[in-house]
Amino acid sequence: MAMPVLAQPPYPDDPLQSPMWTAHARLIFGDDPVRFDPRIRLLYPQVAENQRSFPVALDARGVGPVTRMVIFADLNPIPIAIDYRPDLAEPYIATRIKLDQRTPVRGAVQLASGQWLVAGGWVDAAGGGCSAPPVGRITGDWAAHLGEMRGEAWPMGTQGSSRLRITFRHPMDTGLVANIPTYAIEEMSVRSDSGTMLGQMALFASVSEDPAITLMPRAAPGAILSIMAHDTNGRTYAAKVPVARQSGSILAAQP
């Protein structure tokens, strides 16, 4: 007697023809409807000049309410870089990721209706971004700076919105280098001074060493943004950033 074949969701044909498209679609989207949509803007260089630190921004402003945003690279050993929920923030996120080889880099956003919209393209990379030791490990100074944060926030033209950039000193070890276990920041959140959640995300070790995150929380000039993060060793990082034009300053993480 033949075994029944389990039906798979009808994912759209991949315009990039990636061998990993269906596997990643099943992992990220499950049974939710998916389509490729040119309104989703994924901004990135065509060639990775530095495969350890590749800039990418996912911008979904203008497509309606967005509940979730994912940045991933198909052929990375750790494909997902960031899984972000912009609770009270504009649907925008920018960061830097590692690339281990030539790969499609994609952004996916989930609308309030449950539908996913996807965009992306192939990126040429020399390779090894996920399997080479971080620069801080090579120079040996990473432990002396672990826990440092730098943050700035500026009001935007859109009333009530701001632009927040926060950076961490952290090796973001992938676990793919001999004798160096996985060690990465795995959660980050941004709250208002009243405690309201503005945005929260899961981070993975494919985010570059010394992560830099740019978000657009809905916070007016003078508001105080509270940033909290946790890493895989249980360490907590915390800082408060006022929404105003300001000079950069080192903010010590609270243990």
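Being a predicted model, the structure only gives us computed values, none of them experimental.
In this structure, the side chain of Asp14 engages the main chain of Leu16 through a donor-acceptor pair within 3.5 Å.
Across Leu99, Asp100, Ile78, a single residue satisfies side chain to side chain contact (heavy atoms under 4.5 Å, CB included) together with Cys130, and that is Asp100.
The closest side-chain donor-acceptor pair between Ser226 and Arg191, if any, does not fall under 3.5 angstrom. Using modelled atom types, one finds a donor on one side chain and an acceptor on the other under 3.5 Å when comparing Asp87 with Gln200. A side-chain donor from one of Ser161 and Glu90 sits under 3.5 Å from a side-chain acceptor of the other. In the model, Asp74 has a side-chain atom that pairs as donor or acceptor with a side-chain atom of Ser18 under 3.5 Å. A donor-acceptor pair shorter than 3.5 Å can be found between the side chains of Gln110 and Asp32.
Residues Leu43 and Phe72 do not share a hydrophobic cluster, defined by chaining ILVMFWY side chains whose heavy atoms lie under 4.5 Å apart. Both Phe168 and Leu146 belong to a common hydrophobic cluster when Ile, Leu, Val, Met, Phe, Trp and Tyr are linked at side-chain heavy-atom distances under 4.5 angstrom. Taken together through direct or relayed side-chain contacts under 4.5 Å among Ile, Leu, Val, Met, Phe, Trp and Tyr, Leu88 and Val66 form part of one hydrophobic cluster. By the criterion of side-chain heavy atoms lying less than 4.5 angstrom apart, applied directly or through intervening Ile, Leu, Val, Met, Phe, Trp or Tyr residues, Leu75 is not grouped with Leu176; the two fall into different hydrophobic clusters.
For the residue pair Trp154 and Val243, the shortest heavy atom distance occurs at C-CG1, 4.0 Å. When all heavy atoms are compared, the tightest approach of Val34 to Tyr11 is CG2-CD2, 4.2 Å. The two residues Ala108 and Val118 have their closest heavy-atom pair at CB-CG2, 4.1 Å. What you find for Thr103 and Ala73 is that their closest heavy atoms are OG1-C, 3.8 Å. Nearest heavy-atom pair, Ala244 versus Pro155, reported as atom, atom and distance to 0.1 Å: CA-CD, 4.2 Å. When all heavy atoms of Ala94 and Tyr92 are compared, the closest pair comes out as CB-OH, 3.7 Å.
Contacts of Arg85 classified as salt bridge (charged side-chain N to carboxylate O under 4.0 Å, His left out), with partners at least two apart in sequence or in another chain: none.
Note: Phe29 and Trp116 have tilted aromatic rings, judged against thresholds of 30 and 60 degrees for the angle between ring planes. Aromatic ring orientation, Tyr237 versus His170: perpendicular (interplanar angle above 60°, classes split at 30° and 60°).
Counting heavy atoms from C-beta on, the side chains of Arg235 and Tyr183 come closer than 4.5 Å. For the pair Met149/Thr167, no side-chain contact is recorded, criterion being any heavy-atom separation below 4.5 Å from C-beta on. Looking only at side-chain heavy atoms (C-beta outward), Val70 and Leu58 stay at 4.5 Å or farther from each other. Looking only at side-chain heavy atoms (C-beta outward), Trp21 and Asp13 stay at 4.5 Å or farther from each other. Inter-residue side-chain proximity for Val207 and Thr95 is flagged as met; some heavy-atom pair is nearer than 4.5 Å. In this structure, the side chains of Tyr44 and Pro55 stay at 4.5 Å or more apart for every pair of heavy atoms. The closest side-chain heavy-atom distance from Ile213 to Arg165 is not below 4.5 Å. The closest side-chain heavy-atom distance from Met20 to Pro79 is not below 4.5 Å.
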Worked verdict on Arg163 versus Leu215 for side-chain contact (heavy atoms from CB on, under 4.5 Å): CA-CA 6 Å; Arg163 184 180 183 91; Leu215 306 175; over 6 Å; no
side-chain contact (heavy atoms from CB on, under 4.5 Å) between Asp231 and Glu186, worked out: CA-CA 5 Å; Asp231 69 21; Glu186 59 182 349; 5.7 Å; no
Criterion side-chain contact (heavy atoms from CB on, under 4.5 Å) on Met172 and Thr174, from CA distance to verdict: CA-CA 6 Å; Met172 297 299 289; Thr174 61; over 6 Å; no
Verdict with supporting geometry, Ser53 and Glu209, side-chain contact (heavy atoms from CB on, under 4.5 Å): CA-CA 8 Å; Ser53 184; Glu209 176 185 9; over 6 Å; no
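Note that CG of Asp37 and CG of Leu117 are 4.5 Å apart. Values are rounded to the nearest 0.5 Å. Interatomic distance, CZ of Arg52 versus CD1 of Ile97, reported as 15.5 Å (0.5 Å rounding). Once rounded to the nearest 0.5 Å, the distance linking CE of Met69 with CD1 of Ile93 reads 7.0 Å. Here CG of Asp124 is found 12.0 Å from CD of Gln51. Values are rounded to the nearest 0.5 Å. Rounded to the nearest 0.5 angstrom, Leu225 CG and Glu152 CD are separated by 12.5 Å. Atom CZ of Phe204 is separated from atom NZ of Lys98 by 13.0 Å, given to the nearest 0.5 angstrom.
Counted within 6.0 Å of CZ on Arg41, heavy atoms from surrounding residues, nucleotides or ligands total 12 or fewer; the atom is thus considered open.
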